[in-house]
Amino acid sequence: MSDSPNSPFNAADKDARGVQVDPELKFKYDSSDPAVGADLLAYYKSLLAAPPILVQRRGIAWAIVSRYRDCVEVLRDHKRFSSVNPNLPGTEDFDAFRGVPVMTFVDPPVHTRLRRVAAPSLAVRRIYDLEPRFRAICGAILDGWAGRREIDVVSELAVELPVRVFGFLLDIPERDYELVRSIGAPGKTLYTADFLASRHRYITELVKRRRAQSGGQDLISLAIAAHEAGEKINELELFGMVMVLVTGGISTTADSISGALYQMISRPQLLAQLRANPALAPNLVEENLRYDGPVQTLFRVTTEDVEVGGTPIPARTPVYVVAGAANRDPAVFSNPDEFDIMRDPNDHLGFGEGVHFCIGAAPARLQGKIAIQMMLERFPRLRIAHGWRPQYTVQAFGRGLASLPLRID
Ligand code: HEM
């Protein structure tokens with residue numbers, strides 16, 4: 001890339017391929033970087049003030065796209081911004097599944113085929129029909145707290161609810177829920193070959209049993225039915241499907257539940273508003289996804305030379321799409337730093353955008369709503385334990401509360 005009048009910087013700082021990079025922002029960008037994590041909001045504000053930038057990371061240029069409209073442009077254009085890992089320096093670790101094909105890391109047409117297999121089982125209608133079942137699961141967790149004065153809502157509800165929901169959706173016996181817990185554990189980003197092999201044995205056995213039964217309504221039986229109806233999926237892809245749903249669905253949902261509860265309980269007026277009108281719980285979930293959602297960045301790679309927001313980006317450049325910054329873009333959200341559950345519209349990018357838009361949005365939204373409403377119903381004096389300060393478990397693409405001790409007496 002030659003120096004261009006559109007370039008947001010002029011200093012001659014070049015990467016290994018001669019691509020010009022911003023001299024001011026050389027740290028590796030991801031939300032696990034302490035320099036970024038220490039003051040995420042200030043960092044986002046500086047990003048939002050400028051067009052996309054190129055920074056150095058492991059010797060090559062990376063593009064950082066953060067303004068809302070630029071992010072949407074990238075996420076809607078899967079032809080020029082691919083989800084396939086290019087295996088460049090620094091991107092190897094993004095493939096938690098070590099090459100097992102999953103919908104997140106493939107482009108159409110393979111993506112379309114894999115997604116079609118899973119979509120019917122997670123469709124909004126079907127999931128909302130399961131609401132009584134999800135409520136019963138949540139109720140059983142809360143029943144277990146009888147006599148307790150304080151609980152950690154992260155480990156004891158926010159993680160436990162999606163673990164049990166997945167146990168139910170996969171129709172596996174409770175004694176095997178540990179398997180779900182181990183796959184979806186927050187903080188897990190790269191699985192060892194041994195770990196994958198042992199899960200592969202278990203899931204292959206499940207698939208064999210489900211094939212023999214036919215007619216089941218669990219995620220695996222429905223995927224097998226879709227396969228038999230023509231959406232072809234092989235055994236390895238089916239294994240990848242279970243893994244990606246469980247990994248994609250547990251720690252994100254957990255972070256969403258604990259984050260929404262934190263925002264609510266730390267604001268007395270908001271807590272009172274939700275108590276008076278629990279039907280606002282879905283608004284709370286949505287606003288938390290915008291304000292401080294579990295997924296802060298998404299990853300793509302350019303397939304050709306492109307220009308985004310006036311910044312030229314060469315082919316084969318890894319791109320960080322900073323959805324967390326876009327969600328605070330004042331060009332789209334008025335008073336973006338205000339937590340306002342009545343925001344309408346609230347077209348945040350917390351679930352992504354385009355063909356990879358979160359396939360699990362319905363179960364995630366439903367679990368968030370149920371967790372908030374049932375906590376309000378059961379505990380009239382909810383408050384945060386004295387002296388607690390928020391600390392985050394940071395992952396490559398997002399973050400969530402490490403703990404949230406609540407007094408429930
Ligand atoms: C509040 C909780 C959740 C959040 C914030 C979230 C966020 C996201 C985001 C931002 C994406 C887009 C990724 C990209 O474009 O590269 C995504 C995709 C995905 N999510 Fe979620 N997710 C949540 C819950 C779930 C659940 C419950 C499941 C499983 C049932 C799930 C499974 C997936 C899968 C498989 C994809 C890839 C979809 C595709 O490539 O077509 N997620 N999610």
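Predicted, not measured: the structure shown is a model, and the values here were computed from it. Values below: all heavy atoms of this structure, side chains included; hydrogens, waters and symmetry mates excluded. One-based numbering, in listed order, for ligands and for the atoms of each.
- Looking at M103 against ligand 1, both its backbone and its side chain come within 4.0 Å, counting heavy atoms.
- Take N85 and apply the side-chain contact (heavy atoms from CB on, under 4.5 Å) test, not counting sequence neighbours, and it matches N87, T91, F94, D95.
- Nearest to atom 7 (C) of ligand 1 by heavy atom, out of G350, S256, G352, S251, is G350.
- The heavy atom nearest to atom 15 (O) of ligand 1, considering only E353, R300, H348, is found in R300.
- Taking CD1 from I341 and CZ from R290, the interatomic distance works out to 12.5 Å, rounded to the nearest 0.5 Å.
- Only the backbone of V355 comes within 4.0 Å of ligand 1, judged by heavy-atom distances.
- Counting all heavy atoms, side chain and backbone alike, G350 lies closest to N327 at N-ND2, 3.8 Å.
- Judged by the shortest distance from any of its heavy atoms, F166 lies inside the 4.0 Å radius around the atoms of ligand 1.
- Close approach of ligand 1 to T104 is summarised as follows: ligand atoms under 4.0 Å from at least one heavy atom of the residue are 37 (C), 40 (O).
- Nearest protein neighbour of atom 33 (C) of ligand 1, counting heavy atoms only, is I359 CG2, 3.8 Å.
- The CG atom of L284 sits 13.0 Å away from the NZ atom of K369 when rounded to the nearest 0.5 Å.
- Contact annotation for L298 and ligand 1: only side-chain heavy atoms (C-beta onward) come within less than 4.0 Å of the ligand.
- Those atoms of ligand 1 with a heavy atom of G249 less than 4.0 angstrom away are 25 (C), 26 (C), 27 (C), 28 (C), 29 (C).
- Near A364, meaning under 4.0 Å from one of its heavy atoms, ligand 1 places the atoms 1 (C), 2 (C), 24 (C).
- Between E338 and R343, the shortest heavy-atom contact is O-NH2, 3.0 Å.
- Nearest heavy atom pair, residue L245 against residue F166, reads O-CZ, 3.2 Å.
- The closest approach between H111 and ligand 1 falls below 4.0 Å for a heavy atom of the residue.
- Set against the non-hydrogen atoms of P294, the atoms of ligand 1 under 4.0 Å away are 5 (C).
- Distances from ligand 1 to the non-hydrogen atoms of G293 include no value under 4.0 Å.
- Remark: among candidates T252, I257, V74, the nearest residue to atom 24 (C) of ligand 1 is T252, based on non-hydrogen atoms.
- Checked by distance only, ligand 1 and T253 stay at 3.5 Å or farther apart across all their nitrogen or oxygen atoms.
- The OH atom of Y43 sits 3.5 Å away from atom CD1 of I64, with the distance rounded to the nearest 0.5 Å.
- Looking at residues two or more places apart in sequence or on another chain, you find a ring-ring contact (aromatic ring centres under 6.0 Å, His included) between F239 and H200.
- Residues Q391 and S403 are not in side-chain contact: their nearest non-hydrogen atoms beyond the backbone lie 4.5 Å or more apart.
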**Study point:** R378 vs D143, salt bridge (charged side-chain N to carboxylate O under 4.0 Å, His left out): CA-CA, chis, key distance, verdict
**Key:** CA-CA 10 Å; R378 297 266 185 124; D143 289 345; 2.8 Å; yes

Exercise for review: Please test D409 against R383 for salt bridge (charged side-chain N to carboxylate O under 4.0 Å, His left out), starting from the C-alpha separation and ending with a verdict.
Suggested key: CA-CA 9 Å; D409 54 340; R383 59 222 185 271; 2.9 Å; yes

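- In R365, neither the side chain nor the backbone holds a heavy atom less than 4.0 Å from any atom of ligand 1.
- Close approach to L245 involves these atoms of ligand 1, each under 4.0 Å from a residue heavy atom: 29 (C), 35 (C).
- Nearest protein heavy-atom contact of atom 12 (C) of ligand 1 is H356 O, 3.4 Å.
- Comparing G240, G400, C358 against atom 8 (C) of ligand 1, the shortest heavy-atom distance belongs to C358.
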